[in-house]
Number of protein chains: 2
Amino acid sequence: MELCDIILQPQNRNIRFTMLDKDEVKETIVNVARHIFSRFGFRKTTMDEIALATRKGKSSIYYYFESKEEIFQAVVEKEANLLKAELHEAISHFEDPREKLKAYILVRMRALNKLANFYDALKNDYLSHLEFINVIRKKYDDDEIATVESILKRGIENGEFVIDSPHLASIAIVTAMKGLEIPIFVEVNEDEVEKRIDNLVNILFYGLIKR
Amino acid sequence: MELCDIILQPQNRNIRFTMLDKDEVKETIVNVARHIFSRFGFRKTTMDEIALATRKGKSSIYYYFESKEEIFQAVVEKEANLLKAELHEAISHFEDPREKLKAYILVRMRALNKLANFYDALKNDYLSHLEFINVIRKKYDDDEIATVESILKRGIENGEFVIDSPHLASIAIVTAMKGLEIPIFVEVNEDEVEKRIDNLVNILFYGLIKR
DNA sequence: CGAATATTCGACTAAATAATTCGAAATTAA
DNA sequence: TTAATTTCGAATTATTTAGTCGAATATTCG
């Protein structure tokens, strides 16, 4: 086992005097598993490690979850929700749609960069049989488009934009945003990143701004 | 497989028209393996991954190395040499022994922090049966003590220090330096790190400076 | 050229590791 | 005290992985 000692401290069997809610225990397991999965990915994370890190017997983990996949699913869902929340928070600080979008792209990229391992696991073929991943991805994508759409709509209300279909436009923007990600994952130079985002946002908004 | 695509690009069988030096190929394998080991540690790194990343068949790897351990040994040796070189370079920029030592500790800590995974692997019990690790560690430790000793000796020549046994003093300093590392691995706050190093250096030199 | 040598890799095996199950013991609720 | 809940050690099964073998392909050199 090569996990950080903080998580690994051994402990005696838990002695409690009131029952914990089953969901609370599940939550704890998911939180611990999140760290391990995000560091090592799905394959390289073992149930033994999750058990050790949660200070439980391996069989106890199976009392709460059917399988490793089920834990992974819960983790991915949590990860997606946290990212979503972080993104909504980030754009809330700006009024100008252009600034909002810039903040969105920046935060999104940094977050995905931090989760690079995780993200790899999701992209890779050997997990494509996990149907739930596609479901989560779809839900996440829809939210992304809806968020961008709401930014655009605000611009339209302002009279700042002229857009026939904010929905189609937002799909285009999200697609472009994803395209931007790939080269940025490789070289992580902060200045360069800022510049590229600026460029992208300028290009994207070029056709939309009222003149 | 969840490695970075840069490494993973598949490739046709290599067609060369001159033989490469065997050692050059070994060097390449070690370099590739270094990345994977340092990210996932000894256990979680597989020969298949090393083979894939070097664009060779697994059996070809065994043509160059006897075993996974042998590759790991080469990697650890390289890692130790690189660190050593980096440290010598770092102290060469300063004249004052105190500054030299400060630079030494700082660079050493940053380097080990970056290699945290790796370092874990070396610390962990499940690798203690690999005798070569102790050999490398010993060699590395000796170099460390010698380096600190040379710093102290320069201070003595300057007339800045009064030390009976620079050798014993350097052992003490290296030991203290290692003690400092442990709490710092946990919380990585740059300012705090600088402050602690300053403190340590001050304490260490307190008894040595000529008054 | 063509024989000798060096290098590559696919397919296989044995061993190790990891996921999952089971039943019994411990704990808590009632 | 009894029933339900929670825990885990030990066993089982499935998967992964280190390492082997032999044949095929490349390269060198006479």
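So that the names make sense, note that chain A is the first sequence line, chain B the second, and so on, each numbered from 1.
Here D:dT16 presents its C1' atom at 11 Å from NZ of B:K68, a figure rounded to the nearest Å. Between A:I61 atom CD1 and D:dT7 atom P the separation is 9 Å, expressed in whole Å. For the pair A:E70 CD and C:dA19 C1', the computed distance is 14 Å after rounding to whole Å. Rounded to whole Å, atom C1' of D:dT16 lies 17 Å from atom CE of A:M47. The NZ-P distance, from B:K26 to C:dA6, rounds to 15 Å in whole Å. The NZ-P distance, from B:K56 to C:dT8, rounds to 4 Å in whole Å. Note: CD1 (B:I71) to C1' (D:dA18) measures 11 Å, nearest angstrom. The CD1 atom of A:I50 sits 8 Å away from the P atom of C:dA19 (whole-angstrom rounding).
Residue A:S60 has no polar side-chain atom (N or O) positioned under 4.0 Å from OP1 or OP2 of D:dT6. For the OP1/OP2 pair of D:dT7 and a distance below 4.0 Å, the side-chain nitrogens and oxygens of A:Y62 include no atom meeting the criterion.
Of the charged side-chain nitrogens involved, none lies within less than 4.0 Å of a carboxylate oxygen, so that A:R137 and A:D142 do not count as a salt-bridged pair.
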Output one line per pair: protein atom, nucleotide atom from nucleotides 12-15 of chain C, and distance, for all N/O pairs under 3.5 Å.
none

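The side chain to side chain donor-acceptor pair (under 3.5 Å) test applied to A:E27 returns A:K78, not counting sequence neighbours. With sequence neighbours excluded, the residues that form a side chain to side chain contact (heavy atoms under 4.5 Å, CB included) with B:A111 are B:L83, B:E86. Partners of A:K58 under the side chain to side chain contact (heavy atoms under 4.5 Å, CB included) rule, at least two apart in sequence or in another chain, are A:M47, A:D48, A:A51, A:Y62. Residues satisfying the salt bridge (Lys or Arg N to Asp or Glu O under 4.0 Å) criterion with A:E70, sequence neighbours excluded, are absent altogether.
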Identify each donor-acceptor pair in which a side-chain atom of residues 146-154 of chain A lies under 3.5 Å from a protein atom, sequence neighbours left out, and give them as a table.
unit_1: A:T147; atom_1: OG1; unit_2: A:D143; atom_2: O; d: 2.7
unit_1: A:E149; atom_1: OE1; unit_2: A:H167; atom_2: ND1; d: 2.8
unit_1: A:E149; atom_1: OE2; unit_2: A:K153; atom_2: NZ; d: 3.3
unit_1: A:S150; atom_1: OG; unit_2: A:T147; atom_2: O; d: 2.7
unit_1: A:R154; atom_1: NH1; unit_2: A:E95; atom_2: OE1; d: 3.1

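You'll find that the side chain of A:S59 is closest to C:dT21, out of D:dT7, C:dT21, C:dT8. The side chain of B:Y63 sits closest to C:dT8 out of C:dA19, C:dT8, D:dT7.
Using bins of under 30°, 30° to 60° and over 60° for the plane-to-plane angle, the ring pair B:F37/B:F72 lands in the perpendicular bin.
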